[in-house]
Amino acid sequence: MIGEATVVKNAGSHYLLSCLPDWTPFPAVLKGKIRLRNNESTNPVAVGDHVRFESATDSLSDISLKNPAQISGVLDRKNYLIRKSTNLSRQSHVIAANVDMAFAVVSLYFPEIKLPFLDRMLVTCEVYGIPVTIVLNKVDLYREEAPQAVADFIDIYTNAGYRVVCTSARTGEGVDELRSLTGGNVCLFSGESGVGKSSLIKALDPALDPKIGRISDVHLQGKHTTSLYEMYRLQTGGWVIDTPGLRGFGLVNLEKEEISRYFPEMLKISENCRFTPCTHTHEPGCAVKEAVEDGRISPERYSSYLGMIEEDRKFR
Ligand code: GDP
Ligand code: ZN
């Protein structure tokens, strides 16, 4: 048989595929060498990839580790996230493909929020073309004590054009809203360690504990299964991609002049800058600086922007 399926797990040279939205993972290997058009990555097939497969069997249920499906091609990706293998090499590793929605999970306190870190995650999503929702978690811990800080945060990011969902994995607040956003989508949860990503995923689907409940490895038993990249199914619909590299992503190489394009609120306004390109730092007649002065662009976002421009050198 031949068919199309989604890669739900990548364990070295072995893969699990599933014909989403059905969840029936079956093993697969690459059929010969698969080359991508833009051939700079170390792995031609990544979690989230839509692939064509072939199998000598007539039914999916007959596919086994001894008789795995063969991946014969990768369909066009709507987006993908990469990581550079090393600083110097031009090679990169694709960590996930075809992500429908990213959730940038933060908490104002415990751990204390670092807005530049969040802004870098947001910029990364813009660069990769992944719609992103900000999840303000642990509100049960600080909303009563710090209502102004919560309101300010929501203001900054809704003004910048982002959706902010307030949640508490502890009380369940906002979890239904989050679930309605994950429904039917391949989702990515990103954020600093300790903000509650695992707890939220568990709140979305109590059957799933990302720290222990990985996809059963029966299909890959006896095989080398380090460096796991995989997707979980949420029983209420939707899939979550979890990889170690995505827990707090936010490293992209950008030219100084490009960075402001990925701040949605700056993009529009920068059309009115006197100079193009404009770095919005020292140039006369800069519409972005004007907008910061009159409050249309938040000073916090602008400050993250300046930080990214300064760090620019470090990240290349
Ligand atoms: P991760 O590293 O982002 O996956 O964070 P975890 O899900 O492991 O959560 C870190 C800690 O914060 C754990 O002790 C959780 O019980 C706690 N936590 C997570 N979400 C919430 C929340 O909404 N409210 C409160 N009070 N604690 C939370
Ligand atoms: Zn400018």
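Note that ligands are numbered from 1 as they come in the structure, with each ligand's atoms numbered from 1 the same way. Owing to the predicted nature of the structure, the values given are computational and were not obtained by experimental measurement.
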Would you mind running through ligand 1 and noting each atom that sits below 4.0 Å from a heavy atom of Lys197? 1 (P), 2 (O), 3 (O), 4 (O), 5 (O), 7 (O)
Can you name the atoms of ligand 1, numbered from 1 with element, that are less than 4.0 Å from a heavy atom of Ser193? 2 (O)
In this structure, which one of Leu60, Ile63, Val51 forms a side chain to side chain contact (heavy atoms under 4.5 Å, CB included) with Leu17? Val51
Neighbour count above 12 (heavy atom, 6.0 Å) for Lys268 NZ: no
Please check if the number of heavy atoms outside Glu144 that lie under 6.0 Å from its CD is greater than 12. no
What is the number of protein N, O or S atoms that sit under 2.8 Å away from the Zn ion (ligand 2)? 4
Could you tell me whether a side-chain N or O of Asn10 sits under 3.5 Å from a main-chain N or O of Val47, the two making a donor and an acceptor? no
Is the closest N or O pair between Val139 and ligand 1 shorter than 3.5 Å? no
Closest heavy-atom approach to atom 10 (C) of ligand 1 among Gly194, Ala169, Ser107 is made by Gly194
Per atom 26 (N) of ligand 1, closest listed option by heavy atom (Val105, Asn137, Asp140, Val175): Asp140
Specify whether Tyr305 and Phe263 have parallel, tilted or perpendicular ring planes, treating 30° as the upper limit for parallel and 60° as the lower limit for perpendicular. perpendicular
Taking the six-membered ring for Trp, are Tyr109 and Tyr142 parallel (under 30°), tilted (30 to 60°) or perpendicular (over 60°)? perpendicular
Side chain to side chain contact (heavy atoms under 4.5 Å, CB included) filter on Glu283, not counting sequence neighbours, yields Phe275, Cys278, Thr279, Thr281
If you round to the nearest 0.5 Å, how far is CD of Glu173 from CG of Leu178? 12.0 Å
